[in-house]
Protein chains: 2
Amino acid sequence: MTPTPARSDPLTHEVVELIGSVVARYHEEYELAAAEHALTGAQARVLTLLTREPTPMRQIARQLKCEPSNVTGIVDRLEARGLVERRPDPGDRRIKVAAATERGRATAAYLREGLDFAREPLAGLTQLERSMLRDLLQRMLGEEPGAPEPGETS
Amino acid sequence: MTPTPARSDPLTHEVVELIGSVVARYHEEYELAAAEHALTGAQARVLTLLTREPTPMRQIARQLKCEPSNVTGIVDRLEARGLVERRPDPGDRRIKVAAATERGRATAAYLREGLDFAREPLAGLTQLERSMLRDLLQRMLGEEPGAPEPGETS
DNA sequence: TATTGTTATACTCTATAACTATA
DNA sequence: TATAGTTATAGAGTATAACAATA
C-alpha cells in the first residue's frame, strides 16, 4: 500500500520544495555569473570542465549528458574567443582534445569568484552546521561508502 | 584581508560542490520526467505553475524570469496539445490568463509522480535528519524570519 | 566494422525590438 | 502615455541522421 513511504510525508515534501528553490537560485546565479563574462551556461560549464582537465570532445558530451554533435558548436564558440583550443591526441588521430587556454583559465577563475551562491548564505551557518549539511547532502546523493548505487559498472 | 571568511574554507567549498551535484541531478531528473510526457523543461515548469493557479502571461514571465515574448510560444505549444487554455480577464481586456485544462492537470500529476528525486534519497534519512536538512536549507535561502536579506525593498 | 568528430537539419528557448489592443 | 500580449528576428542549445577520417 505504501511502496514509497516518504511520498506522502509533509516534511519530505517541504524538503523537496526547498531543494527546488535551491536549484532555481543556483541556476539563476550561475547564468548571471556566466553572462557577466559573455558566456552562456553551457559555455561556462564546458570552460570550467576544461580548466580542470583537457578532455576529448566525446567525453565532454558524456559529462554534459548531451549529444556529441552539440559539443562541436560550444567548443567552436569558446575557441573563437580564444578561451579554448583543440589539440590532437598523440595516440589516436581521430580524437581532438579540447583544452582551456591561459585566457580561458583566467576567465574561469573570475567566473568562480563571481559565483557567490552558497558561499555567502553558508557564511550564516556555523562550522558544525555546515558539516551537518555536508553529511546530509552526501547521504542524499548516495556518495557514502557502503551505499553503492546500482548502475555503477566499475 | 578576509572580506568573505567562507571563501577559502575547505568545508564550505565541499558543501558548494555538493550543492552543485544536487542541482545537476535535480535538473537531469526533471528534464527526464518532463520528456516522458513529451514536454520540455520550460513547458513542464509552466504547466506546473498553471496547475497551481491560473496566471496572466506577464506574470508567468516574471516567475520564469524570462522575457514575456517567450511565454507566448511556450503557452502556444501547451495550448496546441490541450494542456492549457487562454482565458480573458473580466476586469482588463488586455490581459490573457493562462490556465491548466483538466488534461493539463492530469499530466502535471503524472509528472509530479515521476519526479522521484529527493523523495527516494530522502527516504534514507530519519525524520530528525530530514527536519535538520529542512532547517539548514531554509536558513541558506534566507527564508527565516529574523534574517531579512538586504535587497528586499518591501 | 566500429569509433571520433563533424555537418546538416529541425525544434525549442532566449532576448531584443516593433507592433496591436487596450487602459 | 503606459501596459499586456504578440510578432518578427537572430543566436544558442538540443537531438537525430548522415558523413569523413581513423582505428
Side-chain angles (χ1 to χ4, degrees), chain A residues 24 27-50 54-81 83-99, chain B residues 24 27-50 54-81 83-99:
Chain A
H27 243 84
E28 203 182 316
E29 299 205 8
Y30 193 88
E31 300 281 325
L32 214 77
E36 277 170 22
H37 299 278
L39 293 168
T40 66
Q43 287 166 12
R45 274 188 292 279
V46 170
L47 180 58
T48 300
L49 201 80
L50 299 184
T55 310
M57 302 296 281
R58 204 102 190 165
Q59 197 177 320
I60 296 174
R62 271 194 295 270
Q63 301 200 45
L64 252 65
K65 294 183 200 304
C66 73
E67 293 302 312
S69 58
N70 302 325
V71 180
T72 299
I74 298 172
V75 170
D76 277 353
R77 288 180 272 278
L78 288 171
E79 194 168 32
R81 290 177 51 191
L83 303 175
V84 150
E85 63 184 6
R86 285 171 165 94
R87 298 173 188 162
D89 182 308
D92 187 336
R93 283 189 297 174
R94 292 173 303 179
I95 294 178
K96 289 179 188 170
V97 179
Chain B
H27 243 84
E28 203 182 316
E29 298 204 8
Y30 193 87
E31 299 282 326
L32 215 75
E36 277 170 21
H37 299 278
L39 294 168
T40 65
Q43 287 166 10
R45 274 189 291 280
V46 170
L47 180 59
T48 300
L49 203 78
L50 298 183
T55 310
M57 303 296 280
R58 205 103 190 163
Q59 199 175 320
I60 297 174
R62 271 193 294 269
Q63 301 200 44
L64 251 66
K65 293 182 200 302
C66 73
E67 293 302 311
S69 59
N70 302 324
V71 180
T72 299
I74 298 172
V75 169
D76 277 353
R77 288 180 273 278
L78 288 172
E79 194 168 32
R81 290 176 52 189
L83 303 174
V84 152
E85 62 184 8
R86 285 170 165 94
R87 298 175 188 161
D89 181 309
D92 188 336
R93 283 188 298 173
R94 292 173 302 179
I95 295 177
K96 288 178 189 170
V97 179

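Every chain is numbered from 1, with letters handed out A, B, ... down the list of sequences.
Taking only side-chain nitrogens and oxygens, Arg86(A) comes nearer than 4.0 Å to OP1 or OP2 of dT6(C). Between Arg93(A) and dA23(D) there is a side-chain N or O to OP1 or OP2 distance below 4.0 Å. Neither OP1 nor OP2 of dT14(D) sits under 4.0 Å from any side-chain N or O of Lys65(A). Close to dA21(C), at under 4.0 Å from its OP1 or OP2, lies no side-chain N or O of Arg94(B). The phosphate of dT6(C) has OP1 or OP2 within less than 4.0 Å of a side-chain N or O from Lys96(A).
Distances from the side chain of Thr72(B) to the nucleotides dT7(D), dT6(C), dT14(D) place dT7(D) closest. Distances were taken from every side-chain heavy atom of Arg77(A) (C-beta onward) to each of dG13(D), dT7(C), dA4(D); the shortest belongs to dG13(D). Of the candidate nucleotides dG13(D), dG5(C), dT7(C), dG13(D) has the atom lying nearest to any side-chain atom of Gln43(A). Among the nucleotides dT7(D), dG5(C), dT14(D), the one closest to the side chain of Met57(A) is dG5(C). Residue Ala42(A) places its side chain closer to dG13(D) than to any other of dA15(C), dA4(D), dG13(D). For Asp92(B), the side-chain atoms get nearest to dT22(C) when compared with the rest of dT22(C), dT6(D), dT6(C).
Using a 4.5 Å heavy-atom threshold, the side chains of Val84(A) and Val46(A) count as separate. Looking at Arg77(B) and Leu39(B), their side chains never come closer than 4.5 Å, going by heavy atoms from C-beta outward.
Contacts of Arg45(A) with the nucleic acid, taken as non-hydrogen atoms under 4.0 Å apart, are absent.
Look at CG on Asp89(A): it is 14 Å from C1' on dA21(D), rounded to the nearest Å. Rounded to whole Å, the distance from CD on Gln59(A) to C1' on dT3(C) is 15 Å. If you take CZ of Arg58(B) and C1' of dT22(C), they are 13 Å apart, rounded to a whole angstrom. Computed from coordinates, the Glu67(A) CD to dA8(C) C1' distance equals 15 Å when rounded to whole Å. Atom CD of Glu79(A) and atom P of dG5(C) are 13 Å apart (whole Å). One atom, NE2 of His27(A), and another, C1' of dG13(D), lie 12 Å apart when rounded to the nearest Å. Taking atom CG of Asp76(B) as the reference point, atom C1' of dC11(C) lies 14 Å away to the nearest angstrom. Straight-line distance from the CG atom of Leu39(B) to the C1' atom of dC11(C): 15 Å, rounded to whole Å.
Nearest heavy atom pair, residue Val71(B) against residue Cys66(B), reads CG2-SG, 4.2 Å. A pairwise comparison of heavy atoms in Arg81(A) and His37(A) identifies NH2-O, 2.9 Å as the closest pair.
In this structure, the separation between OG1 on Thr72(A) and CD1 on Ile60(A) is 9.5 Å, given to the nearest 0.5 Å. Note that the CD atom of Gln63(A) and the NZ atom of Lys65(A) stand 9.0 Å from one another [nearest 0.5 Å].
Under 3.5 Å, the side chain of Ser69(A) and the base of dT14(D) form no donor-acceptor pair of N or O atoms. Residue side chain Thr40(B) does not reach the base of dT14(D) through any donor-acceptor N/O pair under 3.5 Å, judged by distance alone.
Toward the 5' end of DNA chain D, the nearer of the two residues Ile74(A) and Asn70(B), judged by each one's closest nucleotide, is Asn70(B).
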